[in-house]
Amino acid sequence: MKSLSDIPKLDGVRVLVRSSLNVPVADGKVVNTFRLRGALPTITYLREKRARVILISHISGKGAESLAPMWEAMKEFIPDIQFCPDIIGDQARNAVSALQAGEVLILENLRQNPGEEGNDEVFAKELASLGEVFVQDTFDVCHRKHAGVVGIPKFLPSYAGLLVEKEVQELAGALHPQFPSLAIISGAKFSTKEPVIKKLLASYDKVFVGGALANDFIKEAGNPVGASLVSGTSGEEIRELLHNKKVVIPVDAIVAPKGAERNAGRATKLSDVKENEAILDIGPETSTLLADIVKDSKSVLWNGPLGNYENGFTDGTENLAKAIVASGAHSVMGGGDSIAVVENLGLADKFSFISTGGGAMLDFLAEGTLPGIEALK
Ligand code: ADP
Ligand code: MG
């Protein structure tokens, strides 16, 4: 994978950048500009070398959303930044032609064109023809085989932006942890997380499974799980993982009738979950056990909240976040929900690295690479 510093010439060159402008908008305004700031280092690098910088991005949503609010917000950092409400039409081409060295232009939401998610080769070629060089700077789409991810690099010399480069370095590093190492894989989406658990068992000393993912294990170990969320994964697969000595599962739980508020919860040992109760967080004994392992670890990798935090079952997750920060271990974490918890606690900048990846992070950990990364090679 080549980096920005490998681009032979930038002065006056049209550089098409897949930039991370996909940030939440409410009432037509960007909610906070924190994440837009992450896109700036690559843009600044290219501007300082007098490239003509064309930013393309998607917005996760229904497809019709506009990048106009992101343009408004980006003016705070680049006052003369331009916007064109078109992607590959004449209007976009004219705006690109008029762009001067050192200037920056944002084109419209890629997903307004069905060719983006459909990985249409003609659309990819049209996009590519806007630039002379392509820079991929959005890690969280690199697991998608979309036109603006794997299509454009077929037609242009392609490079990793600073964000993508850092993600690949850190996550590749997380696949080779320092001894003793602990991975915590938690949350809810068993099917996406099971391959990660399997992969990490090869290189980690311990893999703690928590959150709703753990309910399958708790059940398979012969405990009642009442009304808990379970995935329905085959018992055999779970049994195999359960027999692995590196796998650690909760020893107690916070349970409550489904849909209850946090103050309705009670701590219990696993053998004592009632039929109408759901396991909604790890219990205090598990929290202590986990904190002890964290304290002795040199590398910690974490994805997924340990409980149903949106409904107030936050203790397990918050205790874990604090334990990781206090441990001084090299700490890598990610996952939309997990990041939300850590940001709420004000601990985000205490982690060694927070991945912007979500699904892309999980796929990278499971596979060691991603389609969008391979496309840059
Ligand atoms: P991330 O976005 O960090 O990767 P996931 O999306 O996999 O995490 O999982 C987050 C979801 O898991 C949250 O909605 C949370 O409420 C849920 N969750 C975690 N533990 C439990 C549990 N014991 N019961 C029900 N839901 C849970
Ligand atoms: Mg999530």
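Values below: every heavy atom of this structure, side chains too, minus hydrogens, waters and symmetry copies. Positions are given from 1 along the sequence.
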Quiz item: Mind checking what makes salt bridge (Lys or Arg N to Asp or Glu O under 4.0 Å) contact with Arg52, not counting sequence neighbours?
Solution: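 Arg52: no salt bridge (Lys or Arg N to Asp or Glu O under 4.0 Å) contacts found.
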Exercise. Can you sort out the partners of Lys274 under salt bridge (Lys or Arg N to Asp or Glu O under 4.0 Å), two or more places apart, ordered by chain and number?
Key: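 Counting only residues at least two positions away or on another chain, Lys274 forms a salt bridge (Lys or Arg N to Asp or Glu O under 4.0 Å) with Asp272.
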Self-check item: Of all pairs that satisfy side-chain hydrogen bond (donor to acceptor under 3.5 Å, both in side chains), the ones with a partner from residues 242-255, not counting sequence neighbours
Solution: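 Applying side-chain hydrogen bond (donor to acceptor under 3.5 Å, both in side chains) to every pair that reaches into residues 242-255, excluding sequence neighbours, yields Asp252-Thr286.
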Self-check item: Selection residues 104-114 - residue pairs positive for side-chain hydrogen bond (donor to acceptor under 3.5 Å, both in side chains), sequence neighbours left out
Solution: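 Every pair satisfying side-chain hydrogen bond (donor to acceptor under 3.5 Å, both in side chains) with a residue in residues 104-114: Ser66-Glu108.
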Exercise. With rounding to the nearest 0.5 Å, note down the distance linking CG in Leu320 to OG1 in Thr314.
Key: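 Rounded to the nearest 0.5 Å, the CG-OG1 separation comes out at 12.5 Å.
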Quiz item: Of all residues at least two apart in sequence or in a different chain, which pass the side-chain hydrogen bond (donor to acceptor under 3.5 Å, both in side chains) check with His58?
Solution: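 Per chain and number, His58 pairs via side-chain hydrogen bond (donor to acceptor under 3.5 Å, both in side chains) with Arg18, Asn22.
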Quiz prompt | Test side-chain hydrogen bond (donor to acceptor under 3.5 Å, both in side chains) applied to Ser228 - qualifying residues, sequence neighbours left out | solution =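 Ser228: no side-chain hydrogen bond (donor to acceptor under 3.5 Å, both in side chains) contacts found.
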Quiz item: If you link I, L, V, M, F, W and Y whenever their side-chain heavy atoms are under 4.5 Å apart, who else ends up in the same group as Val149?
Solution: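 Reading the cluster by chain and number, Val149 sits alongside Val141, Val150.
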Exercise. If you link ILVMFWY side chains whenever their heavy atoms are less than 4.5 Å apart, which other residues fall into the same cluster as Val230? By chain and number, please.
Key: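 The other cluster members (ILVMFWY side chains, heavy atoms under 4.5 Å, direct or chained) are Ile218, Val225, Val255, Leu270, Val273, Ile279.
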Quiz prompt | Under the ring-ring contact (aromatic ring centres under 6.0 Å, His included) test, residues paired with Phe190 that sit two or more places apart | solution =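 Here no residue qualifies.
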Exercise. Could I get the full list of side-chain contact (heavy atoms from CB on, under 4.5 Å) partners for Val325, not counting sequence neighbours?
Key: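 side-chain contact (heavy atoms from CB on, under 4.5 Å) list for Val325, sorted by chain: Leu347, Lys350, Phe351.
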Exercise. Using the ring pair (Phe, Tyr, Trp, His ring centres under 6.0 Å) rule, collect all pairs that involve residues 205-235, keeping only residues at least two apart or in two chains.
Key: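 Counting only pairs at least two positions apart or across chains, no ring pair (Phe, Tyr, Trp, His ring centres under 6.0 Å) contact touches residues 205-235.
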Practice problem: If a pair satisfies ring pair (Phe, Tyr, Trp, His ring centres under 6.0 Å) and one of its residues is in residues 109-134, list it, with sequence neighbours excluded. | Solution: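 Checked against ring pair (Phe, Tyr, Trp, His ring centres under 6.0 Å) - neighbours excluded - no pair reaches residues 109-134.
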Exercise. Indicate the atoms forming the closest heavy-atom contact of Leu99 with Glu103, along with that distance.
Key: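 In this case the closest contact between Leu99 and Glu103 is CD1-CB, 3.6 Å.
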Quiz item: For the side chain of Ser181 and the backbone of Pro177, is there at least one donor-acceptor N/O pair under 3.5 Å apart?
Solution: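 Judged by distance alone, no pair lies under 3.5 Å.
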